[in-house]
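Everything on this sheet refers to the single structure shown next.
Lettering follows sequence order; numbering is per chain, from 1. It should be emphasised that the depicted structure is a prediction, and the values quoted were computed from it without experimental measurement.
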There are 2 protein chains.
Amino acid sequence: MEEFLNERFQEVLHCIIEEYIVTANPVGSKFIAGKCSLNLSSASIRNIMASLEEKGYIHQPYFSAGRVPTSSGYKFYINSILKTKKISKQQKEEIRSSFNISGKDIKKILWQAVHLLSEISHYMPIVLAPERTYANLLHIEFIKLDKSNLLVVTVFDGGIVENKIISADRDYAQAELSKYSVKLNEIINGHNIDELKDVILKSIDKDRKSFFSLLNGIIFNFDLAKDKIVNEDDYLYIGSRMNLFDEPEFSNYEKIKSLVKAFEDKKTIIKLLELAKQKEGIHIFIGSDTEWSDINGLSVITASYHSKKGFAEGSIGLIGPSRMNYATAIPAVNYMAKLLCDII
Amino acid sequence: MEEFLNERFQEVLHCIIEEYIVTANPVGSKFIAGKCSLNLSSASIRNIMASLEEKGYIHQPYFSAGRVPTSSGYKFYINSILKTKKISKQQKEEIRSSFNISGKDIKKILWQAVHLLSEISHYMPIVLAPERTYANLLHIEFIKLDKSNLLVVTVFDGGIVENKIISADRDYAQAELSKYSVKLNEIINGHNIDELKDVILKSIDKDRKSFFSLLNGIIFNFDLAKDKIVNEDDYLYIGSRMNLFDEPEFSNYEKIKSLVKAFEDKKTIIKLLELAKQKEGIHIFIGSDTEWSDINGLSVITASYHSKKGFAEGSIGLIGPSRMNYATAIPAVNYMAKLLCDII
DNA sequence: ATTAGCACTCTATATTGAAGAGTGCTAATA
DNA sequence: TATTAGCACTCTTCAATATAGAGTGCTAAT
């Protein structure tokens, strides 16, 4: 798909992109002539630029202005740096050492990942929590809240804990509930939700009508949870929006407003991250590539993470302007995803 | 403290404020002459306005512009409408009916309150969760996660559920943990955390060293939790910021940026709401009144809520421009606080 | 193949001017 | 004495205009 580019052309394209990443202003031929390693005059650079524009890698916002990279331009650039740039050992060490996992549940770990990535990248990180539909159950506990409400605590593999309140069909004593908890835990050991349903239906104690109705309650709840994330806040973690506001592309009212509006509704981001989850490794969505048409000029770097057992999969991403610093951002996302794999 | 105002003066002040609330533009004498019930010429209104300005209730942004209310002006206005305006029965019904509390824990209930208040007010609601330091304990359950980690589920009065992971001093079997849970629950019934510590220390089973170390673990955790909210996201709930962005006072880049920055750090808001919690009923902070110096032109309406038993106290607030519609916003906050009292 | 030179285009910024809104003051009025 | 009409004055806002500067494309020279 990708056209072959002369070394000279590549050099000019890289120069333009790297300069544009820093200044956010269209880059002129004179500047490139002075900066890049090719010793050519501005006139020659102009010829090359005209050619690059013809091929679609750069673009003039208006007649006789400087050049700005296009999506294809970024793509080409990313492909070439992907091979070379790696995260420095020092930075690796820095990230790993500031990750505090003692006594933290998954929620806090994911928040930490978001905050860390926010600090090192200055863009807006997003993290999708592992879906527990296919995670193994570790423990279920029934706790009495009052006459008509029970709390069901469900613990999954990978530190995922879920609290759910279900209404009881009658007033249970805590002692009775505890007995059921024990009984249920003998069955569930190491199954996931789908499997559990079968197991329960088979091993159910027919005499115990109340036990059965309890089980019905939780199964019903699991069904509900499967296709609908009850609480988006436990599913998608969004880092500081402020980081993006500092970027010059959002320095006017209309744009900043559309930016905030786009993130207010988390569904678009969730969709994007769910897509990324299904793929292996790093993926990059640039500008108008996606159905992300809400905001032009935005790019998203995503990576999936998964526990060693293969369950508990989620994904992590970083949203920035298309003009983002891919050379440092991509390795950062990549490393963070790996780190999450290790921890979970 | 408040000066007496002639009826005529009051009428003009009200007119100015109510017009300013709608248009956000300085209000001129001609407009007031045409609109308000006093049948006076613009020249007479001008005299009154000059007088009101001298007293500090209104202010001219620049020589020979219209008038804008000052903080004192708003205060006076609020005091007079506080006596008359009430929420309509219809709106009460609407709010109450869209409040769905079945099977929800406190977290979801508070989110619902935020969303509802956001919808009816078009400003930015904030809610402080009840602190559970003084709430009664209902249940504690130990669940084994792996060899070295235990999950402690703590259930408080009022539907507050907390999960905490503590590291174990040795490998406990789940059966053993369950026994401890039962034993502990016999003791805790109806005590709050502070009381519980005494009770535990007195009734502790001296032979059971491992039980003791477990208890030590949770007591330690409670101490930690008391003066530090571990996760701000479970403590402060913030509604849609977008609502504020639509207000004309934030229609330029610098202001919108300082607005977002001010809310990025939740500590200021938390401080404010904790202050409100200690007071009874509705309180209103206007503009530069508070140490809220970050953003001039912002007002906060707050109200405290508490369960009937007197425990589980929190507070609720609404942030808008000083130029906010107090006549509808104040009753809305007030009613929402009452509703929370009923539900919890 | 490369470059110097030049006319040209377009943006960004400052300047100007006119229109409009609102005031304060004074003198006239009821 | 309280109110109002009239008028000169101030200040903002908005659009039109002018100017400077950056960057280009093209041509002719090297």
Short N/O separations, protein against nucleotides 27-30 of chain C, under 3.5 angstrom:
none

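In this structure, B:Gly239 and B:Val114 approach most closely via the heavy-atom pair CA-CG1, 3.3 Å. Here the closest heavy-atom approach between residue A:Pro26 and residue A:Pro61 is recorded as CG-CG, 4.1 Å.
Counting heavy atoms from C-beta on, the side chains of A:Tyr335 and A:Gln91 never come closer than 4.5 Å. The shortest side-chain heavy-atom distance between A:Met49 and A:Ile16 falls under the 4.5 Å cut-off. Using a 4.5 Å cut-off on side-chain heavy atoms (C-beta onward), A:Leu318 and A:Met324 make contact.
Proximity of residues 8-19 of chain B to DNA chain D (heavy atom under 4.0 angstrom from any strand atom) is restricted to B:Arg8.
Note on ring orientation: taking the six-membered ring where Trp is involved, the planes of B:Tyr74 and B:Tyr326 are tilted (angle from 30° to 60°). Using bins of under 30°, 30° to 60° and over 60° for the plane-to-plane angle, the ring pair A:His115/A:Trp111 lands in the parallel bin.
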Expected list for residues 36-43 of chain A: side-chain donor-acceptor pairs under 3.5 angstrom, two or more places apart:
residue	atom	partner	partner atom	Å
A:Ser37	OG	A:Glu11	OE2	3.1
A:Ser41	OG	A:Ala43	N	3.3
A:Ser41	OG	A:Ser44	N	3.4
A:Ser41	OG	A:Ser44	OG	3.4

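Qualifying side-chain contact (heavy atoms from CB on, under 4.5 Å) partners for A:Thr328, counting only residues two or more places apart in sequence or in other chains: A:Asn325.
For A:Arg323 (side chain) and A:Ile21 (main-chain N/O), a donor-acceptor pair under 3.5 Å exists by modelled atom type. In this structure, the side chain of A:Thr70 engages the main chain of A:Tyr57 through a donor-acceptor pair within 3.5 Å. Side chain of A:Ser315 to backbone of A:Ala303: no donor-acceptor contact under 3.5 angstrom is found.
In terms of phosphate contacts, A:Ser44 brings no side-chain nitrogen or oxygen within less than 4.0 Å of OP1 or OP2 of C:dT2.
Rounded to 10 degrees, the angle between the two end axes of the helix from C:dA1-D:dT30 to C:dA30-D:dT1 is 20°, with five pairs used at each end.
Between the CD1 atom of A:Ile45 and the P atom of C:dA4 there is a distance of 13 Å, rounded to whole Å. One atom, CG of B:Asn25, and another, P of D:dC11, lie 20 Å apart when rounded to the nearest Å.
Under the 3.5 Å distance criterion, with hydrogens and angles disregarded, no donor-acceptor pair is assigned to the side chains of A:Glu247 and A:Tyr123.
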When every nucleotide of nucleotides 19-25 of chain C is labelled 5' to 3' by its protein contacts under 4.0 Å (heavy atoms), B for base, S for sugar-phosphate only, - for none, what sequence of letters results? ---BBBB

